[in-house]
Amino acid sequence: MSSRLPTVTGEWIDRSRSVDFTFDGNAYRGFAGDTPTSALWAAGVHVLGRSFKYHRPRGVLSLANHDVNTMMQAGARLNLRADVESLEQGMALTSVNTAGGASGDRLRILNALGGILPVGFYYKAFHRPKALFPFWERVFRRITGLGTLDFGAPHIRTPKRYDFCDVLVVGAGPAGLHAALAAGRAGAKVVLVDENARIGGSLGYQRGGSIEGVEMLRDLERDLADLPNISVRPGTLAAGYYADHWIPLVDAKRMTKLRARAVIVAGGAFEQPAVFRNNDAPGVMLASAAQRLLYRYAVKPMDKTLVLTANADGYRAALDLMAHGVAIAAVADLRADGEPSALSMRVKQVGIPVLKGHCVLEAEAVGDRLVAATVCPMGADGKPDTASPQKFACDGLVMSVGWAPAAALLYQSGTRMRYDTTTHQFVPDHLPEGMFACGRVNGVYALDSRCEDGERAGTEAARHLGFDTPARNFSIAPERSSPSHPWPIVEHPAGKNFVDFDEDLHLRDFHNAAQEGFDNIELMKRYTTVGMGPSQGKHSNMNAIRVLARIRGVSPAEVGTTTARPFFHPVPMSHLAGRGFNVHRETPLHSRHDGLGAVWMQAGIWLRPEYYALPGKRKSDIVRDEARAVRSSVGIIDVGTLGKMELYGPDAGAFLERVYTAKFAGMKPGTTRYAVMLDESGVVIDDGVVARLSEQHFYFTTTTTGSTTVYRELQRWNSQWNLEVGIVNATGAFAAMNLAGPKARAVLRKLTSVDLSNEAFPYLALREAEVAGVPARLMRVGFVGELGYEIHVPADRAAHVWDALMEAGQGDGIRPFGVEAQRLLRLEKGHIIIGQDTDGLTQPDEAGLEWAVKVDKPFFVGKRSVQIVRKNGPRQQLVGFELDAIGASTTPRECHLVVRNGAIAGRVTSIAWSDTLGKHVGLAFVAPDMTELNSPFFIRADGGTMVQARVVPTPFYDAEGLRQKVMD
Amino acid sequence: MKILTCPVNGPRPVSEFAYGGEVRPMPDGATCTDREWADYVFNRSGVPGIKIEWWYHIASGTWFYAERDTVADRVIRTWLPA
Amino acid sequence: MATARRSSPLAHALATLHPEWIEVAGMPLAAKLRDDHPARSATLGICDLSALPRIGLKGPGAAGWLSARGVPVPDQPNTWSALEGGGAVARLARTEFLVEDGFSGGTVAQLAPELKPGSPGVYPVPRQDCALALTGSLVNELLVQTCNVDFIGHRVAATLGGNRLLAPVVRRHLGPLPVGNVDGYRRGTGRRCRRIRSRVPGRATSEPPMIHRNRRGR
């Protein structure tokens, strides 16, 4: 039997478009503009979900996403709030946390076991016997989940964006609308957001049986449309507040990160439930929920209702319900004096009995639906007088007993709130600069007052930003009567009077928690889990504070609130992910490597070829072949990821001597020198090669991952020293390739006219010359221990030079090689890699770099630390080692420990099989007394196998360095 | 997110910056005691209050000072080194 | 040996779009793509202008060095001055400058040989930019999805870092482009990357920004 009403003025549904959907396998039909809840309620379905712990049947409570009675799942989409979700054609909805659907949930037996499942029971039970704990764990995981993850759900990208405005207004109810108009008329660029599908807020549904609110709303909408500087965004949630007015706005499609210059919070208030036995029976709902059902979705919430109230809003709701054919059994007003305004007269005039000073003792449900409610007088002490109960038959019970401000954004911005004893709610006491509040969240409830309060906030915000709008005297009249009752709570010996519907917490749970000592608001929250459910306390925190205040005999102000954190409602992961910009850097030769079959690896933020794949060949074989080509003929590698710095000026040499450990000021132009950089504690942080091009021009390299940091720190040093130097980070401006192998000279000779003979261009020299017609800087460096030239050219001509070298080297079998081969070749020479063979504590002496440290310089970064550390000697020493030939299964790897007498004596930093040498070689840290040449030590490899190694001198290959230095 | 005002580029989101620690004078490494040097290298003041800090605008390579109240997380002023 | 051809960092990507290449300052520039359509670049277009000649310098003497050679120096960081021939001088920081010629300018060619190490307080900065022009009515929407800086109403160059791409961004009117051997040019919005046949006079109605992704990655 449908509860759908004939057309209601201002309804949100489009009756010309019907929508078919299913819930728990049953088919239903609603309209476009419906939510699943409104369509189901219209179709006569009242059990929309099951509660978390006791699996009690649940229906509509807030219809505002302030509770999760109606949480559902649609396919891969979890955590759907059926009360506010848009109903779509073909939606297949299922209830969550049930065994067999919402109406037939087999787990409802837990409701009967409530007595042995008190608050916090899981802290005390199921630990013994310990062996059974995994079983209980599995049981609980199954029955406490809210939805089922689909691991095949696609990754969705969303067009996340930024935005900017002068004034952000959060909430488009009467206060927010007036605030936006005031700021907009003053000339500010305004963004007005509301989480609901349409703007208007309570103007749309708290009508009190009249259409004045709707007409006001239409006028305001017209006014908004006249101002192009106001952007109205319904269906948009302001999810949190971050520093300096940084607000994420979340809508169905994306997240917008908005920077405002001022923020007006007009987010309203959450209507609060009354606490009485069985207040969670389907049919019991907040008055505003009933009004939303009526006016947004044209759904009759019930046939006959009791109204429990303590404010004017309840009387308005009674008139609204009556106007649409709902019978009102009675109005029970918690207040002994009833309602002071004309509303109480209007209610009496239409024949509704009003019981002043009465509360609801309990609701009675049969077959999962409310059938009756028992009312009794409420004593001045807040306790029910059970001597004279009155029972009313009804299938609905609307509660309007109080409000709690939606102040999360205010809290997050640092607003200090105070408890106001006339409205019985927290209100802003001190707002930070640029923050404004108006309307219910500000403790203002009368409609006229809310409009004026909104205009005040909008004007103040505009003036704060310097817009020329005249200051006005706003006077907001104090509320005639409190919109909230300080104690809408009725105890009952049989319990099940719920405070937090999400977490299934009833009144007794709070007393139990306090008895156990958890009587501080923070402890009570965590012990009971009040406010920790999916609605994060929107409908429960205020009552919990009231309960705790009474238990402790203090005022709610003294109890205080817990911290509200973003996000206000759940935000989909796809919105947070956006597109996922993941930046990486490519050298100018990237496409050449692609064409050669490069297998890419990350080196910091860069991509480098690890090796070049060949069909049918294994990686280890390819790497070995690449290395062999370098040693026997010629190879070429892209080293363009190295940091490259230009250093100019008369103080350039002096600057280098301060930041590196070696001496550079006396270098001759056309020479290069190895450079080690320490931090202030003397730890090795970077290395490179310094080349001198002229008296006032140096060019030096850094490690790939270090270039950004080195450049940054060099600039900082010079901002303090003020030497006459210019530092330029040219890392991306130059490409660099290393041509290495016995045939390197022969290949290069074809492309350059500079004299490449050993006498004219010795080891460690630098020459500026054209290579393949491109101006280049050529350096002879050690690198992989063969005759080699490092060629630096401008990035835009790199491909041309690479192509020319590859062609020139064809006859000699030139082979591109990657990082793996480079590592192997350099390890054979004993070259260390900063960050692999050194760590965050390695001093230069420990890494065999003492020769590069010139303490006779007056100053360099880290000098004093090195001197201090030297007094005690090194804690460890990096040595070269080799393994005797062993089976592959027990080869140690990097970071395997050196163990002596059962204690750690060091670790392996690099290790590789060398074809050239026919053995495993590597570098390891060992204790200082273990460094004697040829002495054995043990490495603990996988599975605990102890592998014997022997200390040997480095370089392992070509110890004299003849191949790189003097080969013709 | 927080806005920081670069003396050259104006107000920018804090993600455009890198923090460089509190500005502290370096003792003379040639004359100070080992203890004084170690204190400079390893110890930092955790006392909340108004501090002068190094900040770096990454995109433009600008180092500057910021005077910041670390309790309120409020930047009082920013200026370039001399 | 023949002069080596420069290539744009985007050469490889552009090759897949079937361009018609022309040569500018020794670098192939994609003057027209197979799927070019005027409506697209009027809505949202992107064009590779890496080929334009550029020079960079920094240091306490840089401003004076430029002025002495008749280059109009902007006096505030993050501002730019126009050059003859459609180019611009941008002041990137207190003491750093980027000079870029338009298609018919010769300032860079004149300055480059004189910019050597040795001038006191003048330090050459190699420019190997990937330079992109963004055009069209939706340019701001694109920027607002990639950059956390408010460009609307800003008529300046801004050095910014959005998502770790460090880029000087110059919002300016791109002047007339005599494109290679084509017989005309067009002034205005969003027509940058099509083959231009006739001259269309008129004011520019919006000012499309240009983004340089500086390969130096400073």
Side-chain angles (χ1 to χ4, degrees), chain A residues 159-164 254 256-257 259 578-579 581-583 585-586 588 590-592 594-595 605 644 646-650 652 693-697 707-708 711 724-735 751-753 770-775 793-801 804, chain C residues 1-13 15 25-27 50-51 54 56-62 95-96 116-130 140-153 161-166 213-218:
Chain A
K160 193 161 62 169
R161 69 200 287 274
Y162 297 98
D163 205 352
F164 308 89
R254 54 150 68 142
T256 300
K257 298 190 276 192
R259 174 81 64 190
R579 282 191 195 77
F581 291 122
N582 290 312
V583 183
R585 294 188 73 172
E586 302 173 355
H590 191 90
S591 60
R592 294 297 187 274
D594 261 340
I605 203 178
K644 308 171 207 72
E646 307 260 39
L647 187 65
Y648 301 103
L693 276 70
S694 73
E695 179 62 30
Q696 293 192 10
H697 185 191
S707 65
T708 316
Y711 178 64
E724 208 179 318
V725 292
I727 315 164
V728 177
N729 184 344
T731 298
F734 287 100
L751 300 173
T752 183
S753 55
E770 283 198 350
V771 173
V774 174
V793 295
D796 59 3
R797 277 153 283 179
H800 173 89
V801 173
Chain C
M1 216 162 291
T3 316
R5 265 247 243 71
R6 303 163 59 206
S7 62
S8 161
L10 297 174
H12 200 67
M27 183 188 288
S50 306
R54 261 169 233 106
L57 63 157
K58 69 192 229 183
T95 56
E96 181 167 357
K116 291 184 197 315
S119 302
V122 182
Y123 311 120
V125 174
R127 302 291 325 188
Q128 290 282 324
D129 301 81
C130 170
N140 280 316
E141 176 59 32
L142 172 65
L143 286 174
V144 99
Q145 291 189 23
T146 54
C147 300
N148 192 2
V149 169
D150 190 359
F151 282 104
I152 300 173
N163 278 310
R164 297 194 290 159
L165 264 184
L166 311 174
R213 187 182 78 220
N214 185 350
R215 230 208 299 240
R216 302 191 294 114
R218 192 159 54 81

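Here is how names work: the chains are called A, B, and so on, in the same order as the sequence lines, proteins then strands, and each is numbered from 1.
Ranking A:Lys160, A:Lys257, A:Arg161 against chain C, the residue ahead of the rest is A:Arg161, based on heavy-atom pairs under 4.5 Å. Of the listed residues (A:Leu647, A:Val801, A:Ile727), the one with the most heavy-atom contacts under 4.5 Å to chain C is A:Ile727. Per-residue heavy-atom pair counts under 4.5 Å with chain C were compared for A:Pro794, A:Gly649, A:Gly726, and the maximum is reached by A:Gly726.
The side chain to side chain contact (heavy atoms under 4.5 Å, CB included) search around A:Pro159 returns A:Arg254, A:Arg579, C:Gln145, not counting sequence neighbours.
Shortest non-hydrogen contact noted between A:Tyr162 and C:Cys147 is CD1-O, 3.3 Å. The shortest heavy-atom contact between C:Val144 and A:Phe164 is CG2-CE1, 4.1 Å.
For the side-chain contact (heavy atoms from CB on, under 4.5 Å) with A:Asp796, the lone residue among C:Gln128, C:Arg127, C:Arg5 that qualifies is C:Gln128.
Contact of C:Pro124 with chain A is made through backbone and side chain together, with heavy-atom distances under 4.5 Å. In this structure, chain C has a heavy atom under 4.5 Å from the backbone of A:Val725, while its side chain stays farther away. Of the two parts of A:Leu693, neither the backbone nor the side chain holds a non-hydrogen atom closer than 4.5 Å to a non-hydrogen atom of chain C.
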